[in-house]
Amino acid sequence: MSDSESFFGNPDPIFADKELLRVSHLPEGDRIIGRDTELQKLASAIKDAQRGDTPNNVLIYGKTGTGKSLCSKYITRDLTEAAAENGVKIGVAYVDCFQESTETQTVRTIAQSLNAPEETGITVPHTGVSTSDYYRRLWDILDERLDVGIVILDEIDKLEGDNVLMQLSRAAEAGKVTESTLGVVGISNKIRYKDSLNERVKSSLSERDFVFPPYDANQLREILKSRSDAFREGVLDQGVIPKVAALAAKEHGDARKAIDILRYAGEIADEHDDDTVREKYVDEAHEREEQARLSELIAKQPDHSKYLLQALALQVQDTSGENPVVSTKTVYPAYKRLCEDVGVDPLKMRRVRDLLSELAFLSLIEQERKGRGKGKGAHTVNQLVDDPEIVIRACESA
DNA sequence: AATCCACAGGAACTTACGGGGG
DNA sequence: CCCCCGTAAGTTCCTGTGGATT
């Protein structure tokens, strides 16, 4: 074959269908590996919705990458289709509470994804209306066009306050909706999440709860194999999948991580103009995955949080060796200098303290409050969780 | 065990922004 | 079109607190 004139003309030597290695890719039923009992239980918990009745509210626990969101999405899609055959209209709203963490944002997102303006004549504006207004519109939307609404609240532990849960779980009994009903599927990384809820919400929200165990190396291998169609035939070296699986199994059995590493390994092979994905690329792929995950998280932060994080990372680098803790007092001037370099007005100390505790909540840093002795006051020291160099790179690229 | 104060963090306020209703 | 109302981000003001030193 002659060299193509087009930059895009050559067929990809490594990947046949890269889509299969995207985490958001929702597989067909036979491609969800090792979660049969979980799917079964989930299905039985929400099956009443199929007849238009109120489904059980469900709480799902499990570490990241154990298939919680995947199974929820899959099973609700299946349910929607099955119900449609019975003439029952089900709407599913998926909310990532990490991104929509306030009550208002959550309700708005639910209302927006369940709405169909041309059907209901109801608009859900992005801003400008009160929280209670969003609620009112949501109830109207439900009654107007659906029999059952199912709300999937992913990373529910990142939600501020439990008012939304209160409202959602009581909507039907409080008479907010009359022509329809709704169910909640809550997904949490924290097993202890339930303890932080008040009794009322707890009992109504966790009518059923399940724990998704981490995948073991065998299951990870199966998962990776099931997606190996993403590659052209024969380009994957024998040892690659087992090595990726072993790596991911060691780090909490995170399937998402495993899939990402496999994809990066393929990309690295491609960059080396190698037509084989070799075992030796896996370690580099692993590093690339960590960098990417961090960059992705940091990119979502407000600008000033990035400057702060960068200032902290620089301080940590300067602090010689063993004890890389930096007090808030010390970070602040460094942050101010950084702002001046960029040409931005620095925030006041009080706001900075809030941003730092948000970063701590996201596990990007760790904080500890300490006293320093008589007449020396109390202060908080901050510590980076990840390697300062990687953090700085991620901050600069974002 | 009592003390002392720099910083932590709660509360109330300001500013910016955008939609709804008259 | 203007005015009012809501939220989010940021500021101002001020009381609370940890723990080595006295």
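Just so we're on the same page: letters track the sequence lines, and every chain starts at 1.
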Legend entry - Contact list for DNA chain B against residues 359-373 of chain A - heavy-atom distance below 4.0 Å: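 Residues of residues 359-373 of chain A that come under 4.0 Å of DNA chain B are, in numerical order, A:R369, A:R372.
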
Side chains of [X] and [Y]: does their closest heavy-atom pair fall under 4.5 Å?
X	Y	answer
A:D345	A:C339	no
A:R221	A:P242	yes
A:Y94	A:S113	no

Please give, in whole Å, the distance from [N] [atom2] to [X] [atom1]?
X	N	atom1	atom2	answer
A:D303	C:dA9	CG	P	13 Å
A:E100	C:dT7	CD	C1'	14 Å
A:L347	B:dT14	CG	C1'	15 Å
A:L308	C:dG10	CG	P	11 Å
A:H126	C:dG6	NE2	P	19 Å
A:E358	C:dG10	CD	C1'	12 Å
A:R136	B:dG21	CZ	P	8 Å
A:R351	C:dA9	CZ	P	7 Å

Inset, instruction - For A:G128 and for A:K376, find the nucleotide of DNA chain B with the closest heavy atom, then tell me which residue's nucleotide is more 5'. - result: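 It is A:K376 whose nearest nucleotide is closer to the 5' end.
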
Inset, instruction - Could you tell me whether A:R263 and A:D260 make a salt bridge, using a distance below 4.0 angstrom between a side-chain N and a carboxylate O? - result: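 Yes, this pair counts.
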
Legend entry - Ion pair check, A:K194 and A:D209, cut-off under 4.0 Å: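 Here A:K194 pairs with A:D209 in a salt bridge, since their nearest N and O are under 4.0 Å apart.
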
Legend entry - Phosphate OP1/OP2 of B:dC7 contacted by A:K329 side-chain N/O (<4.0 Å):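 Yes, because at least one side-chain N or O of A:K329 sits under 4.0 Å from OP1 or OP2 of B:dC7.
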
Legend entry - side-chain N/O A:S130 vs C:dT7 OP1/OP2, d < 4.0 Å: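 No, because none of the side-chain N or O atoms of A:S130 sits under 4.0 Å from OP1 or OP2 of C:dT7.
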
Pick base, sugar-phosphate or nothing for [X], based on heavy-atom distances below 4.0 Å to the nucleic acid.
X	result
A:S327	nothing
A:T328	sugar-phosphate
A:R137	sugar-phosphate

Among the nucleotides [options], which one has an atom lying closest to any side-chain atom of [X]?
X	options	answer
A:T104	C:dT7, B:dA8, C:dT12	C:dT7
A:K374	B:dG9, C:dT22, B:dC7	C:dT22
A:R353	B:dA8, C:dT12, C:dA8	B:dA8
A:T127	B:dG18, B:dA8, B:dG20	B:dG18
A:T102	C:dG6, C:dA8, C:dA20	C:dA8

Legend entry - Distance under 6.0 Å and angle within 45° of ring axis: A:K300 vs A:F98: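 The answer is no; the distance or angle limit is not met.
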
Legend entry - Proximity of A:H286 and A:Y264 rings by center, below 6.0 Å: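 No, ring centres 6.0 Å or more apart.
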
Inset, instruction - Answer with yes or no whether the hydrophobic clustering places A:I14 together with A:I259; edges join I, L, V, M, F, W, Y residues whose side-chain heavy atoms lie under 4.5 Å apart. - result: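 A:I14 and A:I259: one cluster.
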
